[in-house]
Colleague: 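So that we are looking at the same thing, I have put the structure below in structure tokens.
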Amino acid sequence: MSSSAAPKQTPETNSEAVPMKDLVALCKRRGFVFPASDIYGGLNGFWDFGPLGVELKNNLRDLWWKSMVITPPIGPDGEPLSIVGIDSAIIQNPKAWVASGHVGGFSDPMVDCRETKLRYRADHVVVYQGDKAWVAMMEGEETDDVQKRLKKLGLPQDISAYKIVALPDVDVAEYGKIIGPDAKETGTLTPPRDFNLMFETRVGALATSDSLAYLRPETAQGIFLNYKNVLDSSRVKMPFGIAQIGKAFRNEVTPRNFIYRSREFEQMEMEWFCHPSEAKMWFEFWIEARRAWWKSVGVSDSSLQIRKHDQDELSHYAKTGEGTVDIEFKFPFTAPGFGELEGIAHRSNFDLTQHQEHSGQKLEYLDQARDNERYMPHVIEPAAGLTRGVLAVLAEAYTIDPSRPSGLYMNFAPHIAPKKAAILPLIAKDGMPEVAQKLYMELREHYAIDLDIKQNIGKRYARQDEIGTPYCFTIDNDTMTDQTVTVRERNTMAQERVSLDNVLPYLQKNLSKK
RNA sequence: GCGGGUGUAGCUCAAUGGUAGAGUUCUAGCCUUCCAAGCUAGCUGUGCGGGUUCGAUCCCCGUCACCCGCUCCA
């Protein structure tokens with residue numbers, strides 16, 4: 001076991017230095033994220049987005065949609081890819097979740113050890129049933145380690161003398177004989193408890209067993225369910241993608257870390273359908289495309305890493321083929337480690353095959369470009385967390401700067417900032433508010449703009465720093481005579497003068513920079 | 001789910017078994033010609049529920065939420 005005297009990690013980059021506590025406080029203070037049902041004491045695993053949080057989230061969402069559906073990437077052949085969008089219902093026929101493997105496969109029975117206070121997935125535990133004792137071990141343990149443990153417990157080390165049984169196959173009445181995987185005594189394991197991660201609900205006013213339904217645990221299935229409808233209605237040809245953004249629900253055992261693991265969250269998923277022989281090529285294509293996208297919204301290279309899943313952590317739909325790769329972000333609570341931001345999975349033809357079998361509908365593709373070959377397309381799925389994306393962007397932007405009055409500023413990339421600019425009359429008289437109002441009315445047709453007239457200029461700059469507004473335009477006495485304003489850049493606090501006519505072009509120029 | 005910690009104003013924090021206070025924010029007004037300046041006034045609070053007590057924000061029990069560790073995370 002690891003030593004308790006492990007050295008403390010020294011913060012190296014900005015996202016590591018951000019104390020979560022301060023970020024959460026800022027989010028509440030300025031209206032990015034509130035606890036859900038705050039006035040009732042909150043609800044574990046649920047969060048609300050405030051006025052600025054929803055702007056930020058919408059910006060991220062819209063940029064994803066644009067990069068997928070409106071202006072999809074250029075493919076290897078130099079032609080733009082073909083991707084269409086859908087918006088499917090959160091509740092679908094429950095048979096869909098049986099086919100997808102979520103009913104049954106999506107609950108993980110857990111056992112707790114009363115002695116060691118440790119918890120295990122029941123299906124990861126095996127029991128060595130000997131004459132003298134039954135010893136529980138983690139599945140996949142090396143023979144050496146098993147023998148070491150048996151020796152320690154004073155038991156025979158000849159493994160062939162034991163019958164090896166998976167814990168879920170052991171009768172609960174016999175749990176009293178078992179020594180837990182890390183325990184010294186027998187009978188400390190609790191019976192397996194079901195953790196079904198899908199939220200159940202009832203369709204219709206009368207609750208009967210027939211009316212049981214589920215809130216979707218992923219948006220992806222809505223895409224597979226509409227695969228045939230999309231093919232029949234929108235003239236797409238292989239390869240092509242279907243994209244969807246929406247809420248998903250998982251009854252997480254332990255919601256943690258602010259909005260990182262919540263029970264209601266938002267996903268941005270795209271299912272890319274292709275010929276099986278091209279799956280590997282597209283898998284690599286999308287990893288690169290998605291990494292580039294995160295960079296384009298202001299997530300720095302040093303905060304990101306690409307990590308391939310080990311075989312034993314692959315989900316039920318990705319056991320074969322290219323597997324799964326995560327794009328991970330260095331969150332404040334994982335640093336110096338990383339946490340999942342997006343998963344890119346090769347789902348092979350698992351889902352369509354399942355739905356074809358369960359629904360009885362033919363879902364094979366007739367490919368006229370491939371000499372009328374019939375095949376079940378393979379699927380590459382870039383599935384990003386929008387909610388996690390917001391958190392990553394917030395953490396990335398949080399910048400401590402003791403030299404300025406606010407003590408910090410939010411360094412959002414200008415094009416994702418919730419407010420693009422603020423219009424500030426230097427003082428609230430001498431005709432300045434009127435000029436400010438006029439400029440505000442003009443600019444708000446194009447961008448989310450703040451108009452702030454109250455209090456002294458320093459306080460207003462400080463407030464804009466805290467909400468990450470990249471540009472402040474200030475109307476002063478000179479404006480009244482020469483029709484120019486100062487523009488103050490958030491990160492440098494540097495000012496320059498631009499003419500009133502040039503404010504909109506200035507914003508357009510700076511907001512289109514990547 | 002287990003163990004530990006925390007819960008007082010929007011925020012940061014004080015205090016007390018007997019009418020809860022400061023800074024800051026916020027609001028209004030004055031003032032103010034570029035970075036939370038100054039003056040005046042004002043709003044807002046003991047997470048929730050029970051118990052002990054003449055009286056509980058404080059003591060006790062429960063609960064909820066958040067944080068840390070474990071566990072989990074298709």
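Within every chain, numbering begins at 1; the chains are lettered A, B, ... in the order of the sequence lines, protein sequences first and strands thereafter.
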Colleague: Watson-Crick or G-U wobble partner for B/C13, using a 3.5 Å limit on both distances?
Modeller: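 The base-pairing partner of B/C13, which may sit in any strand shown, is B/G21.
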Colleague: If you measure from the P atom in B/G7 to the same atom in B/U12, how many Å do you get, rounded?
Modeller: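 B/G7 and B/U12 have their P atoms separated by 12 Å.
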Colleague: For A/Phe258, answer base if it contacts any base atom (sugar-phosphate contacts may also be present), sugar-phosphate if it contacts only those atoms, and nothing otherwise; contact means non-hydrogen atoms under 4.0 Å.
Modeller: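 Answer is sugar-phosphate: A/Phe258 comes under 4.0 Å of backbone atoms only.
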Colleague: Which is more 5' along RNA chain B, the nucleotide nearest A/Met432 or the one nearest A/Gly407? Just name the residue.
Modeller: A/Met432
Colleague: Whole-Å distance between B/C39 C1' and A/Asn456 CG?
Modeller: 13 Å
Colleague: Heavy atoms under 4.0 Å, any strand shown: does A/Asp22 hit a base, just sugar-phosphate, or nothing?
Modeller: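 If one applies the 4.0 Å heavy-atom cut-off, A/Asp22 turns out to touch nothing in the nucleic acid.
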Colleague: If you take atom types as modelled and just measure distance, does the side chain of A/Arg488 reach the base of B/C35 with a donor-acceptor pair under 3.5 Å?
Modeller: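 Present.
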Colleague: The criterion is side chain to side chain contact (heavy atoms under 4.5 Å, CB included); which residues satisfy it with A/Ala248, sequence neighbours excluded?
Modeller: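 Testing A/Ala248 for side chain to side chain contact (heavy atoms under 4.5 Å, CB included), a comparison that skips the adjacent residues, returns A/Phe265, A/Gln267.
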Colleague: Once you apply the 3.5 Å cut-off to both distances, tell me the Watson-Crick or G-U wobble partner of B/C58, or none.
Modeller: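 Pairing partner, where one exists within any strand: none, as none qualifies.
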Colleague: Side chain of A/Asn44, base of B/A65: donor and acceptor closer than 3.5 Å?
Modeller: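 When only heavy-atom distances are counted, A/Asn44 does not reach the base of B/A65 through any donor-acceptor pair under 3.5 Å.
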Colleague: Expressed in angstrom and rounded to an integer, what is the separation of A/Lys459 atom NZ from B/C31 atom C1'?
Modeller: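 My rounded result for the distance is 13 Å.
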Colleague: Name the pairing partner of B/G3, where a pair is Watson-Crick or G-U wobble with both distances under 3.5 Å, or state none.
Modeller: B/C68
Colleague: Base, sugar-phosphate, or nothing for A/Arg490, non-hydrogen atoms under 4.0 angstrom?
Modeller: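 Here A/Arg490 touches no strand at all.
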Colleague: Looking at A/Asn257, I'd like to know whether one of its side-chain N or O atoms comes within less than 4.0 Å of OP1 or OP2 on B/C68.
Modeller: yes
Colleague: Given B/G29, is OP1 or OP2 found less than 4.0 Å from the side-chain N or O atoms of A/Lys454?
Modeller: yes
Colleague: Salt-bridged, A/Arg347 to A/Glu381, with N to O below 4.0 Å?
Modeller: yes
Colleague: Between A/Asp465 and A/Arg490, is there a side-chain N and carboxylate O pair less than 4.0 Å apart?
Modeller: no
Colleague: C1' atom, B/C68 versus B/G29: distance in rounded Å?
Modeller: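 These two C1' atoms come out 47 Å apart once rounded.
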Colleague: Round to a whole Å and report the spacing from CG of A/Asp452 to C1' of B/C35.
Modeller: 14 Å
Colleague: Do NZ/NE/NH1/NH2 and the carboxylate oxygens of A/Asp450 and A/Arg460 come within less than 4.0 Å?
Modeller: no
Colleague: Could you tell me whether the side chain of A/Gln455 has a donor or acceptor atom within less than 3.5 Å of a complementary atom in the base of B/A28?
Modeller: no
Colleague: What distance, rounded to whole Å, do you find between the two P atoms, one in B/G47 and one in B/U6?
Modeller: 14 Å
Colleague: For the pair made of CG in A/Asp478 and P in B/C34, what is the distance, rounded to whole Å?
Modeller: 11 Å
Colleague: Whole angstrom is fine here: how far is it from CZ in A/Arg463 over to C1' in B/U27?
Modeller: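 Rounded to the whole Å, the gap is 12 Å.
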Colleague: Using heavy atoms to find the nearest nucleotide of RNA chain B for A/Trp47 and A/Lys21 separately, return the residue whose nucleotide is more 5′.
Modeller: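 Looking at RNA chain B, the more 5' nearest nucleotide goes with A/Lys21.
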Colleague: Could you check whether A/Arg256 gets within reach of a base, just the sugar-phosphate, or nothing at all, counting any heavy atom under 4.0 Å?
Modeller: base
Colleague: A/Asp48 has an atom CG; how far is it from atom P of B/C66, in whole Å?
Modeller: 12 Å
Colleague: One thing to verify: whether A/Glu466 and A/Arg29 come together as a salt bridge, which I'm taking to mean a side-chain N less than 4.0 angstrom from a carboxylate O.
Modeller: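 Yes, A/Arg29 and A/Glu466 are salt-bridged.
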Colleague: Tell me what A/Glu466 touches on the nucleic acid: a base, only sugar-phosphate, or nothing, going by heavy atoms under 4.0 Å.
Modeller: base
Colleague: Rounded to the nearest angstrom, tell me the gap between atom NZ in A/Lys28 and atom C1' in B/U25.
Modeller: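 The distance from NZ of A/Lys28 to C1' of B/U25 comes to 14 Å, rounded to the nearest Å.
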Colleague: When the C1' atoms of B/C72 and B/U57 are compared, how many Å lie between them, rounded to an integer?
Modeller: 37 Å
Colleague: Record whether the side chain of A/Thr486 comes under 3.5 Å of the base of B/C34 through a donor-acceptor pair of N or O atoms.
Modeller: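 Side chain to base: pair found, below 3.5 Å.
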Colleague: Using the side-chain heavy atoms of A/Thr254, tell me which of these nucleotides is nearest: B/C70, B/A36, B/C68.
Modeller: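 Minimum distance to the A/Thr254 side chain belongs to B/C70.
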Colleague: Please confirm whether any donor atom in the side chain of A/Tyr40 sits under 3.5 Å from an acceptor in the base of B/C48, or the reverse.
Modeller: no
Colleague: Does the structure show a Watson-Crick or G-U wobble partner for B/U32, both distances under 3.5 Å? Name it, or say none.
Modeller: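 Result: none.
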Colleague: Are the aromatic ring centres of A/Tyr471 and A/Tyr506 under 6.0 angstrom apart?
Modeller: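 Yes, the ring centres sit under 6.0 Å apart.
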Colleague: What distance, rounded to whole Å, do you find between the two P atoms, one in B/A41 and one in B/G5?
Modeller: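 After rounding to an integer number of Å, I get 45 Å for this pair.
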Colleague: Work out how far the P atom of B/G51 is from that of B/C70, and round it to whole angstrom.
Modeller: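 Looking at atom P only, B/G51 and B/C70 are 40 Å apart.
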Colleague: For nucleotides B/A9 and B/A14, find the distance between their P atoms and express it as a whole number of Å.
Modeller: 12 Å
Colleague: Can you list the steps and then say if A/Asp401 with A/Arg404 is a side-chain contact (heavy atoms from CB on, under 4.5 Å)?
Modeller: CA-CA 6 Å; A/Asp401 179 3; A/Arg404 65 178 71 203; 2.8 Å; yes
Colleague: Would you mind telling me which of B/C11, B/C34, B/A37 lies closest to the side-chain atoms of A/Ala25?
Modeller: B/C11
Colleague: Roughly how many Å is it from CD1 in A/Ile259 to P in B/A65, rounded to a whole number?
Modeller: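 Rounded to whole Å, this separation is 18 Å.
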Colleague: Considering only the C1' atoms, how many Å lie between B/U44 and B/A37, rounded to the nearest integer?
Modeller: 25 Å
Colleague: By the 4.0 Å heavy-atom rule, please label A/Arg460 as base, sugar-phosphate, or nothing.
Modeller: nothing
Colleague: Quick one: do A/Lys280 and A/Glu284 make a salt bridge, cutoff under 4.0 Å?
Modeller: yes
Colleague: Kindly point out which of B/A36, B/C68, B/C34 is positioned nearest to the side chain of A/Gln495?
Modeller: B/C34
